[in-house]
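The structure appears below as structure tokens.
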Amino acid sequence: MKLRFNYRKENTPAFQAMLAMDKYASSSMEDKVLHELIKIRASQINGCSYCIDKHTSDLLKMGDHDRRIRLMSVWRETSLFTDKEKAVLELTEYVTTVANAGVPDLVYERVREYFSEKEYVDLVMAIATINSWNRIAISMGMHPDCFDQ
């Protein structure tokens, strides 16, 4: 993959709009580890190498999460994630692939066991934000270290 152009410089207002959305999503999520888990899982589903690289690095800076990162794609089959994290990872998968099945009531109810209505909105905003970043990165041909070249 080759970086097509630096969209950040070519359309700064668009980049600033995404940064504002990202700032809201980041500020609304008290659990920063959970926020990174959302970003990594959505990026895996979308196949965004740039975002996977960035957010796995960010999560590793927060502590020893290597095994959780390596097993995230099979989170249902491991005990490395709490029930709360599993509920959010499931929601992330459904929101990321929303055109396939929407968000089933059972998934919504499982998430609501741990989060208020406001927090549910914040989770959906965090998931929507990383999905937008993934789509931008993939459309621009971004890949790890692409801005270093």
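Residue numbers count from 1 along this sequence.
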Does Ser49 have any side-chain contact (heavy atoms from CB on, under 4.5 Å) partners at least two apart in sequence or in another chain, and if so, which?
->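 Once residues adjacent in sequence are excluded, the partners of Ser49 under the side-chain contact (heavy atoms from CB on, under 4.5 Å) criterion are His143, Pro144.
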Which pairs, with at least one residue in residues 13-35 and sequence neighbours excluded, count as a ring pair (Phe, Tyr, Trp, His ring centres under 6.0 Å)?
->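 Of all non-adjacent pairs touching residues 13-35, those that pass ring pair (Phe, Tyr, Trp, His ring centres under 6.0 Å) are Tyr7-Phe15.
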After noting the C-alpha distance and the side-chain angles of Lys39 and Glu36, does the key distance pass the salt bridge (charged side-chain N to carboxylate O under 4.0 Å, His left out) rule?
-> CA-CA 5 Å; Lys39 292 188 253 187; Glu36 292 303 324; 2.9 Å; yes
Are Tyr94 and Tyr108 close enough that their ring centres sit under 6.0 Å apart?
-> no
Let me confirm one number: the [atom1]-[atom2] distance from [X] to [Y], rounded to the nearest 0.5 Å.
| X | Y | atom1 | atom2 | result |
| --- | --- | --- | --- | --- |
| His65 | Leu60 | NE2 | CG | 8.0 Å |
| Asn46 | Ser132 | CG | OG | 10.0 Å |
| Ile69 | Ser57 | CD1 | OG | 8.0 Å |
| Ile40 | Lys54 | CD1 | NZ | 10.5 Å |

Mind checking whether [X] and [Y] sit in one hydrophobic cluster, side chains of I, L, V, M, F, W, Y counted as touching below 4.5 Å?
| X | Y | value |
| --- | --- | --- |
| Val98 | Leu91 | no |
| Ile45 | Leu34 | no |
| Leu80 | Ile52 | no |
| Met140 | Trp133 | yes |
| Val111 | Leu106 | no |

Please answer whether the main-chain N or O of [Y] pairs with a side-chain N or O of [X] as donor and acceptor at a distance below 3.5 Å.
| X | Y | answer |
| --- | --- | --- |
| Asp31 | Val33 | yes |
| Thr56 | Asp53 | yes |
| Thr96 | Glu93 | no |
| Glu85 | Thr82 | yes |
| Asp145 | Asp148 | no |
| Arg135 | Asn131 | yes |

Salt bridge flag under 4.0 Å for residues Glu10 and Arg4 |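 Looking at Arg4 together with Glu10, the answer is no, because their closest N to O distance does not fall below 4.0 Å.
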[X] [atom1]: over 12 foreign heavy atoms closer than 6.0 Å:
| X | atom1 | answer |
| --- | --- | --- |
| Lys23 | NZ | no |
| Arg76 | CZ | yes |
| Lys2 | NZ | no |

Checking Arg8 against Phe147: charged group under 6.0 Å from the ring centre and within 45 degrees of the axis?
->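 Output yes; distance and angle both within limits.
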Give a yes-or-no answer on whether the side chains of Asp22 and Thr129 include a donor-acceptor pair shorter than 3.5 Å.
-> no
